[in-house]
Amino acid sequence: MSFFEAVRLALQQLRAQKLKSAFSLIGVFIGVTFLIAAWSIVNGMNTYMTEKFAGTLVGVNTFHVRRTPNFTPNVSDSVWRAWRRRPRITFEDARAVEHGITIPVQTAWWSQDRGTVAYGLKTTRQVGLNGASAAYFAIRNIKIEMGRAFTPQEDRAGSNVAVLGHDLAERLFEGRDPIGKTLRVNGLPYRVIGVAERRGNLFGISLDKFVVAPALSPIQRAVNPPGVIDALMVRAGSEPEMRAAMEQAEGIMRSRRHLRPRQDDNFALETAEGVLSFWGKIKRALLIAGPGLVLISFVVGGIVIMNIMLMAVAERTREIGLRKSLGARRRDILWQFLSESATIAAVGAALGVCSGILLSALLDAVTPLPARVSPGAVVLGVLLGSVVGIVAGVYPASRAARLDPVVALRQE
Amino acid sequence: MSETQEFRTGDTPLPDVLILTHKLAREYDMGSETVRALRGVNLQIRRNEYVAVMGPSGSGKSTLMNLIGCLDTPTGGEYWLNGQRVSDLSDDALARIRNKEIGFVFQTFNLLPRATALHNVELPLIYAGLAARGRRAQAEHALTRVGLADRMHHKPNELSGGQRQRVAIARALVNEPSILLADEPTGNLDSTTSAEIMQVFADLHDQGQTVVMVTHEADIAAHAARVVTLRDGLVAADQRRAA
Ligand SMILES: Nc1ncnc2c1ncn2[C@@H]1O[C@H](COP(=O)(O)OP(=O)(O)OP(=O)(O)O)[C@@H](O)[C@H]1O
Ligand SMILES: [Mg+2]
């Protein structure tokens, strides 16, 4: 019997017993759907993390000098307590590093907290308040859509000028021109001089609900104790330059802190890579849990198919006997039932591919999770599904093939 | 009475002897006891004979037919088909003989219910490895031979009992087997339809087909030129009539 003959026969069987077939498809269907959806999420997150998250939150070829790392997988309590005991980054620390680095770099001070911004009767809470230097916009790649960023002069003078995130400007001004208006940041008066371009959101959190003001302006009181900043941002022209600048910064900080060679740093130098390694840890966890779940649904799917096929063999014993009496060899019967179970699984896998792609699109549209279907997942899904079908079919098919024609024909 | 020559173990049958059984035995081991369905059947059937097998219920008729049809293997004795000793062939070799040499017609038709008459008749050709086009032509020819040219695309449940049995006969014939075996082919049919089916067998025999048929009814056995009677797993009588 040819391949097409066998597949046609299998499809005929599927059509004839729709309910049972639907049931037998479920395991593989769910497995493939899950595989594709989960893979899409990991894939989408990966793209997101490498292209957007790391780039926007830390910046390209940029490192931050901080008291503790910002993006950390859950650290132990003792480590956490040790971190809390570290000295903060002071204005003097920042100035020393800025002046000490001989490699050409851009630097910016940065402190951040959440606070309230009000204009007239409108108040917005939970706004990201940023005290930063003029270079902050360049390092963070924040484009100004309307008005301007503050100048180094305003920066040094600590002027009461502010740049708003796109969402915040929209909420407070509702389409009116915000430039030149005075609003209150945690009660402190600020003149709006610019609005940043929209940056979208990250895991459902808006990246546009912020205000940036010069680090030395009164916002300082809202974001940090006096004389202290969260981070000094340093951006170099290239990756090797960044590495060299990091070494210099580390040396400067260590000598300022009087650390002996054997002592660990009591500050952190964080790069986009650091953020990515955090993501890498999440990804690894997903990659361990994901295949486990996929495997379970495939195993269940295989068992279901095997049982359905055993039932089919029992029900069709007479047909098998008849086929044998007409000259079917063992391998013909084996082939017939194997192609049937493989076809069941392949159909299940195909449907799973469709629903997996749909589910991914839905997740991407409806939830904050970014999902992107990977062709690898589709190929693997179909492959695994069919392999499950064949493996599950082997035992029932070989039982059918070994049936004795007279015995099989006598069955009612 | 019998003109066939005495056969001894170690001999080979004469060329025109299509079927030869020698001390053919089939026992069923039932645990506590052994059922001896056939206890040494000696039988020679020549090409183009029409043999009716009769005997009381349980005398071993179906057992003998299953052995001759290579659906079953004997527990003792020899079976020669077409000059070939088949009693000890492999499973696949037996499948090939069932496919090429034997056409079997069952009392219960045994058609695939979801397949058309044409597809049912094509089945042996599929296992013979024929390409689709040749299969179709051959199956149509076989159906025409049994008078079903206008029912080829009907499914079994759209056919009468007689028509179903004709489909089964066409299926048995389609590979041009050496021998046509029928185990009570009219057992499920009324007397008019039975007569029609018997006519089909008679016509096939006239066209040169060798036929062995199990039956309970004497008037049906009357179609045959030779009647073999079994009793308790042995040949009790073997009578020939002038045609
Ligand atoms: N699979 C089997 N297991 C045990 N005994 C069997 C089996 N098949 C047949 N027999 C026994 O072998 C004997 C011959 O059976 P067989 O079916 O050949 O009879 P038969 O002549 O065809 O009868 P009938 O006219 O009723 O069809 C019977 O005693 C029967 O019980
Ligand atoms: Mg019988």
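Hydrogens, waters and symmetry mates are skipped; everything else that's a heavy atom, side chains included, is used. Here is the naming used below: chain letters follow the sequence lines, and residue numbers restart at 1 for every chain.
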Legend entry - Distance, nearest 0.5 Å, that separates CG of B:Leu94 from OG of A:Ser325: 13.0 Å
Inset, instruction - Counting only heavy atoms closer than 4.5 Å, note whether A:Arg402 contacts chain B via side chain, backbone, both or neither. - result: neither
Inset, instruction - Using a 4.5 Å cut-off on heavy atoms from C-beta on, say whether the side chain of B:Asn99 contacts that of A:Arg329. - result: no
Inset, instruction - Would you kindly say whether A:Arg323 and B:Tyr127 are connected by a side-chain donor-acceptor distance under 3.5 Å? - result: yes
Legend entry - Pairing of B:Asp91 and A:Arg330 as salt bridge, 4.0 angstrom limit: yes
Inset, instruction - With the side chain counted from C-beta on, respond yes when A:Pro405 and B:Arg98 share a heavy-atom pair under 4.5 Å apart, and no when they do not. - result: yes
Inset, instruction - Please round to the nearest 0.5 Å and tell me the distance separating atom NZ of A:Lys324 and atom SG of B:Cys70. - result: 13.5 Å
Inset, instruction - Kindly compute the distance separating CD (B:Glu122) from CG (A:Leu326), expressed to the nearest 0.5 Å. - result: 12.5 Å
Inset, instruction - Nearest 0.5 Å please: distance from the CG atom of B:Leu71 over to the CZ atom of A:Arg410. - result: 10.5 Å
Inset, instruction - Measure the CG-CG distance between B:Asn66 and A:Leu409 for me, rounded to the nearest 0.5 Å. - result: 8.0 Å
Inset, instruction - Provide the closest heavy-atom pair for B:Ala95 versus A:Ala328 in the form atom of the first, atom of the second, distance. - result: CB-O, 3.7 Å
Inset, instruction - Find the distance between CD1 (B:Ile126) and CG (A:Asp332) and round it off to the nearest 0.5 Å. - result: 10.0 Å
Legend entry - Sub-4.5 Å side-chain heavy-atom contact between A:Arg318 and B:Thr108: yes
